[in-house]
Amino acid sequence: RKEVEQDPGPFNVPEGATVAFNCTYSNSASQSFFWYRQDCRKEPKLLMSVYSSGNEDGRFTAQLNRASQYISLLIRDSKLSDSATYLCVGVDNYGQNFVFGPGTRLSVLP
Amino acid sequence: DTGVSQDPRHKITKRGQNVTFRCDPISEHNRLYWYRQTLGQGPEFLTYFQNEAQLEKSRLLSDRFSAERPKGSFSTLEIQRTEQGDSAMYLCASTPLSEQYFGPGTRLTVT
């Protein structure tokens with residue numbers, strides 16, 4: 001079993017839709033979590049950090065449930081420019097071991 | 001440009017040849033990571049450095065792979081006797097603490 005798992009998608013949604021991605025992790029030593037966005041044939045770029053209390057950045061909301069070892073990303077009012085692959089990342093307590101999930105591909109359709 | 005840079009951006013080589021990639025991290029970042037990414041997968045950890053010390057290597061990193069960061073600044077990743085299975089995107093990332101900043105990657109094609 002992979003340490004970080006994600007639904008590969010693709011998720012095809014119309015503009016303006018709300019879409020949610022899920023991510024599960026198996027290593028309880030993972031302490032910090034992030035969502036990265038990766039456009040086709042580009043490098044990953046940090047989208048947002050994930051906190052237990054949940055955090056919001058504009059149309060994006062991230063949530064961490066440590067008991068269930070589950071992370072989520074919610075995108076509201078999706079835009080065409082949101083089309084990308086979204087990578088879930090877990091980091092150990094020392095901030096050294098980064099484990100990426102396989103990514104979930106999102107296509108926002110006009 | 002103060003971001004992470006990688007060179008070359010593309011490399012096509014014949015099976016059995018050696019290749020070397022370079023990464024220049026953000027100057028104040030003391031941690032540097034190498035990843036390999038294939039189509040449809042997330043980045044897979046290869047190795048990382050804290051300053052010039054190589055602290056961890058993945059079991060994915062066979063004896064044909066070696067990485068250095070001689071002065072704690074730029075890093076090189078060398079693949080000897082390349083195989084077709086080495087074809088992938090090789091990404092470098094630097095981090096000050098927990099957020100990683102990626103370079104544009106080197107796309108390797110082994111023919």
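The model shown is predicted, which means the values in this text are computed figures rather than measured ones. Letters A, B, ... are given to chains in the order of the sequence lines, protein chains preceding strands, and every chain is numbered from 1.
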Just checking, any donor-acceptor pair under 3.5 angstrom between side chains of A:E43 and B:Q6?
-> no

Shortest non-hydrogen pair, A:F98 vs B:F45, comes out as O-CB, 4.4 Å

Most heavy-atom pairs under 4.5 Å with chain A, out of B:A93, B:G103, B:G105, belong to B:G103

Audit row: B:E99, A:F34, side-chain contact (heavy atoms from CB on, under 4.5 Å) steps and yes/no | CA-CA 8 Å; B:E99 299 175 10; A:F34 301 88; 3.9 Å; yes

Taking atom CZ of B:F102 and atom CG of A:L46, what is their separation to the nearest 0.5 Å?
-> 10.0 Å

So does B:E68 have more than 12 non-hydrogen atoms from other groups sitting under 6.0 Å from CD?
-> no

Show your working on side-chain contact (heavy atoms from CB on, under 4.5 Å) between A:Q38 and B:Q37 and close with a plain yes or no.
-> CA-CA 12 Å; A:Q38 186 171 26; B:Q37 186 175 28; 2.8 Å; yes

Hey, could you give me the CG/CG distance between B:L55 and A:N97, rounded to the nearest 0.5 Å?
-> 12.0 Å

Would you say the ring centroid of A:Y36 lies under 6.0 angstrom from that of B:Y35?
-> no

Would you say B:R15 has more than 12 foreign heavy atoms packed within less than 6.0 Å of its CZ?
-> no

Contacting region of B:Q100 [heavy-atom separation from chain A under 4.5 Å] = both

Quick one: which of B:R107, B:E44, B:M89 has the most heavy-atom pairs under 4.5 Å with chain A, could you say?
-> B:R107

Here the pair of heavy atoms bringing A:L87 nearest to B:G42 is CD2-CA, 3.9 Å

